[in-house]
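Note that the structure is predicted; figures quoted are calculated from it, not measured.
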Amino acid sequence: MIIYTIGFTKKTAKEFFSILIDNHVEVLIDIRLNNSSQLAGFTKMNDLAYFLNAIGKINYIHYPDFAPTKEILKNYQNNDISWEQYKIDFEELLSQRNCMKDFSKKVRKFTSLCLLCSEEKPIQCHRSLVANYLKTHIKDSVIKDL
């Protein structure tokens, strides 16, 4: 399976959807903590699900189990914890949630998926941590950032 990651910040809708279509993404996994904010623009949950299907026949799944808690995110954003501690806390959270149990059932029919968050780059973003987590649980998977 190919595990893509993408952030929507600094991308136009045309760029965003073209990237997904050009890379043959079959399902977009929304791993944002808040996917209904006005700041999300064209990636607000209900709009995004519609656009993905209408423009690219791409499936949409919101999977909040792959999002950090408000507390973990706030501690990192306020510099109360380092990136290294954030990684530890977040990876522990993924383990506690047993994320793969339901997730595997939802994605087993796909050969490519894309993890979505808002950050422009995957560096110091939870989507890179989720991608690595998935790679350890999905045989023969590769990670690519879009």
Can we call the ring centroids of F51 and F42 under 6.0 Å apart? no
For the atom pair [atom1] ([X]) and [atom2] ([Y]), what is the distance rounded to the nearest 0.5 Å?
X	Y	atom1	atom2	answer
L73	I81	CG	CD1	9.0 Å
I138	I2	CD1	CD1	12.0 Å
L52	I61	CG	CD1	11.0 Å
D65	I29	CG	CD1	12.0 Å

Minimum heavy-atom separation for R32 and F8, please, with both atom names. NH1-CE2, 3.4 Å
Please list all pairs meeting side-chain hydrogen bond (donor to acceptor under 3.5 Å, both in side chains) that have one or both residues in residues 66-79, counting only residues at least two apart or in different chains. Y76-Q124
Could you tell me which residues satisfy side chain to side chain contact (heavy atoms under 4.5 Å, CB included) with D102, sequence neighbours excluded, listed by chain and number? Y63, K105
If you look only at pairs with a residue in residues 134-146, which of them pass as a salt bridge (Lys or Arg N to Asp or Glu O under 4.0 Å), with sequence neighbours excluded? R127-D145
Please collect all salt bridge (Lys or Arg N to Asp or Glu O under 4.0 Å) contacts where either partner lies in residues 110-125, sequence neighbours excluded, each pair once. K10-E120
Y133 and H137 aromatic ring geometry - parallel, tilted or perpendicular at 30°/60° bounds: tilted
What residues, two or more places apart in sequence or in another chain, satisfy side-chain hydrogen bond (donor to acceptor under 3.5 Å, both in side chains) together with E91? none
Does D89 have any salt bridge (Lys or Arg N to Asp or Glu O under 4.0 Å) partners at least two apart in sequence or in another chain, and if so, which? none
